[in-house]
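All remarks here apply to the structure that follows.
Proteins get letters first, then strands, A, B, ... in listed order; numbering begins at 1 in each. Please read these numbers as outputs of a predicted model, since none were measured by experiment.
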2 protein chains.
Amino acid sequence: MKEGLRERTRRAVRAELAAMATDLFARQGFDETTVEDIAQAAGMTKRSFFRYFPTKEDVVFDGIDLTGESVVADIAARPADEGPWECLHQVLRAWQEEIHASERALATMRLIEATPALTARLLQRRTEWRRRVSDALRSRPGAELDPYTADLLTNAATAVLDAVSGQWARADGDADRRALLDRGFDQVRVALGTGRA
Amino acid sequence: MKEGLRERTRRAVRAELAAMATDLFARQGFDETTVEDIAQAAGMTKRSFFRYFPTKEDVVFDGIDLTGESVVADIAARPADEGPWECLHQVLRAWQEEIHASERALATMRLIEATPALTARLLQRRTEWRRRVSDALRSRPGAELDPYTADLLTNAATAVLDAVSGQWARADGDADRRALLDRGFDQVRVALGTGRA
DNA sequence: GTCTATCATGTCTTCGAGTGACACGTCGAC
DNA sequence: GTCGACGTGTCACTCGAAGACATGATAGAC
């Protein structure tokens, strides 16, 4: 077997650490929790913490990146005759449902929104994420998209997502995210003409 | 007079500090420059530096926020019969020209793009900036925009801006930003119908 | 089973950003 | 002129992050 005791314990400790951290973050806030607090709660040294996570922030984003992967995969899996905008609409709708369904993901989102440092990191990550989504769009069979138009589509899609989040926050969580997303994707339209005029 | 020697020297020292800092950042990079380097170059202590700027990052963004202010003001100044999308187009076109014309602003942009920590801060600030632009759009006389649609418009506009920046970076600075912006605003369309369907 | 290279961990140390506390000097209002 | 507010320097501190080194445990070869 390729998964020896080493990897298994490592993953276990990582999960333990993440659990301790999210618990402490939720209780006393991100900035108010020191790495030493987390390490001590898990029965180890501060130095050892950093052997599992490169930064304190990474504990929060652990497990979030997977969803980004899935978006790229989903794009590739959509029918080829579907337009890119509709493709983004469907994929992101599914992605949003997934987030909405997970209590843990929602709690993480709330923590991120409440912590400026984490918000900054999230936005930073999203830049990378968008580049990959844009590439995925261009790689679809039959898609003749120039890089600029692909970026335009991707950025516009995140524009809709942001607007949904904003409305969601304004309504204090009492809003139909799915309906808002559909409405956003309907209101915003991206033309594909590149060599046309 | 309301401006005593205290305020005058304070502003002078601030400018001096900013000048020293940008010089050092340009020469050896942001991360490679310590606050102590800057303070020492200006003939003061690290502690005193933090009495002028709350963080090292704030030195870079000092003087950048003014442009954000001007965008909001410009929106209010546009003719009332102009549609919101066209309004954003014109205002952001002017804003882009302004940045493009200033050698100092361009250098700052390059520094920000080359430094992940600064990029994150920029994105964070833009969140706040977008909220204000969205509000400005809704405050225009005769504009009947619900918050969601206003956000949609604002976010879509920054989506275009980002795509322009991306293309600009891809072309290694050899691109007609104005033409790209116009093309982006032409390709992306935002419908205003809120109670329509 | 033993032996060895690899890996995880603890301890110590260092660096840089940012803050608090205290003392001293200067500006400015009166 | 006095006195209080403010700016500054100095020292000490916290916290995140990383490097160096020693030690103990483990996996895999023999």
Distance in angstrom units between [X] [atom1] and [N] [atom2], rounded:
X	N	atom1	atom2	value
Gln28(A)	dC15(D)	CD	P	12 Å
Phe49(A)	dT11(C)	CZ	C1'	19 Å
Asp37(B)	dG18(C)	CG	C1'	16 Å
Leu17(B)	dT8(D)	CG	C1'	13 Å
Lys46(A)	dT9(C)	NZ	P	17 Å
Leu24(A)	dC15(D)	CG	C1'	16 Å
Lys56(B)	dG18(C)	NZ	P	8 Å
Phe50(B)	dT8(D)	CZ	C1'	15 Å

Review point. When you look at CD of Gln40(B), are more than 12 heavy atoms from neighbouring residues, nucleotides or ligands closer to it than 6.0 Å?
Key: no

Study note, to complete from the structure: Assign each of Tyr52(B) and Pro54(A) the nucleotide of DNA chain D bearing its closest heavy atom; nearer the 5' end lies the nucleotide of Tyr52(B)

Check your understanding: What about Arg47(B): does its side chain form a donor-acceptor pair under 3.5 Å with the base of dG20(C)?
Key -> yes

Practice item. Report the relative orientation of the aromatic rings in His89(A) and Phe185(A); use parallel for angles under 30°, tilted for 30 to 60°, perpendicular for over 60°. Key: parallel

Are [X] and [Y] within salt-bridge range, i.e. N to O under 4.0 Å?
X	Y	value
Glu32(A)	Lys56(A)	no
Arg183(B)	Asp146(A)	yes
Arg170(A)	Asp151(B)	yes
Arg11(B)	Asp62(B)	no
Asp135(A)	Arg131(A)	yes

Just compare [options] and give me whichever is closest to any side-chain atom of [X].
X	options	value
Arg51(B)	dA17(C), dT8(D), dT11(C)	dT8(D)
Thr34(A)	dG10(C), dA17(C), dC15(D)	dC15(D)
Arg10(B)	dG10(C), dT8(D), dC15(D)	dT8(D)

Review point. Given axes from five pairs at either end, by how many degrees does the helix from dG1(C)-dC30(D) to dC30(C)-dG1(D) bend, rounded to 10°?
Key: 20°

